[in-house]
Amino acid sequence: VQLQASGGGLVQAGGSLRLSCAASGSIFSINGMGWYRQAPGKQRELVAFIANGGSTNYADSVKGRFTISRDNAKNTVYLQMNSLKPEDTVVYYCNAGLKLYSSSSYYSTYWGQGTQVTVSS
């Protein structure tokens, strides 16, 4: 079981990027999915989260600019990032709560590998 993140890259300030994160392997069900980011020497912080039912929440710094969505049929979560700023330049990580078996009593948190986003001024 793994989460595979993609879509990072280099973009000019004001531009857009779309991150994707696909969960693969033998998965029974997926709970919440989210995107975090971490700057060097700092704690990982929540960027956006989407619950299984579709409700969302965002960090104040990205509200109105970023949109999180998910495709349950593809076990994939997306992060559409618009109006990017140089301060958005960090490594982004996805995570998800996964149940691997129907008999599991709880969801375990899995993390994808980071994807670098660089916004030039």
Do [X] and [Y] belong to the same hydrophobic cluster, where Ile, Leu, Val, Met, Phe, Trp and Tyr are linked whenever their side-chain heavy atoms lie under 4.5 Å apart, directly or via other members?
{"X": "Leu79", "Y": "Tyr36", "answer": "no"}
{"X": "Met81", "Y": "Val119", "answer": "yes"}
{"X": "Ile27", "Y": "Ile50", "answer": "yes"}
{"X": "Leu46", "Y": "Val90", "answer": "no"}

note = Closest heavy-atom pair, Met33 versus Asn75, reported as atoms and distance to 0.1 Å, is CE-O, 4.1 Å

request  = Kindly state each residue pair satisfying side-chain hydrogen bond (donor to acceptor under 3.5 Å, both in side chains) with at least one member in residues 93-115, sequence neighbours excluded.
outcome  = Ser29-Tyr107

inquiry  = Side chains of Ile30 and Asn72, heavy atoms from C-beta outward: is any pair under 4.5 Å?
reply    = no

message = Could you tell me if the side chain of Phe66 sits less than 4.5 Å from the side chain of Val47, heavy atoms only?
response = yes

message = Considering only residues two or more places apart or on different chains, which pairs with a residue in residues 65-75 satisfy salt bridge (Lys or Arg N to Asp or Glu O under 4.0 Å)?
response = Arg65-Asp88

request  = Kindly determine whether Trp35 and Ile68 satisfy side-chain contact (heavy atoms from CB on, under 4.5 Å), including the steps that lead there.
outcome  = CA-CA 8 Å; Trp35 288 96; Ile68 190 170; 3.8 Å; yes

ask   = Between Val62 and Arg37, is a side-chain contact (heavy atoms from CB on, under 4.5 Å) present by the stated rule, with each step listed?
value = CA-CA 12 Å; Val62 306; Arg37 62 188 183 186; 4.0 Å; yes

query = Do the side chain of Tyr58 and the main chain of Gly64 share a donor and acceptor less than 3.5 angstrom apart?
reply = no

Extract all donor-acceptor atom pairs below 3.5 Å that involve side chains of residues 1-24 and protein atoms in other chains or at least two apart in sequence.
unit_1, atom_1, unit_2, atom_2, d
Ser16, OG, Asn82, OD1, 2.9

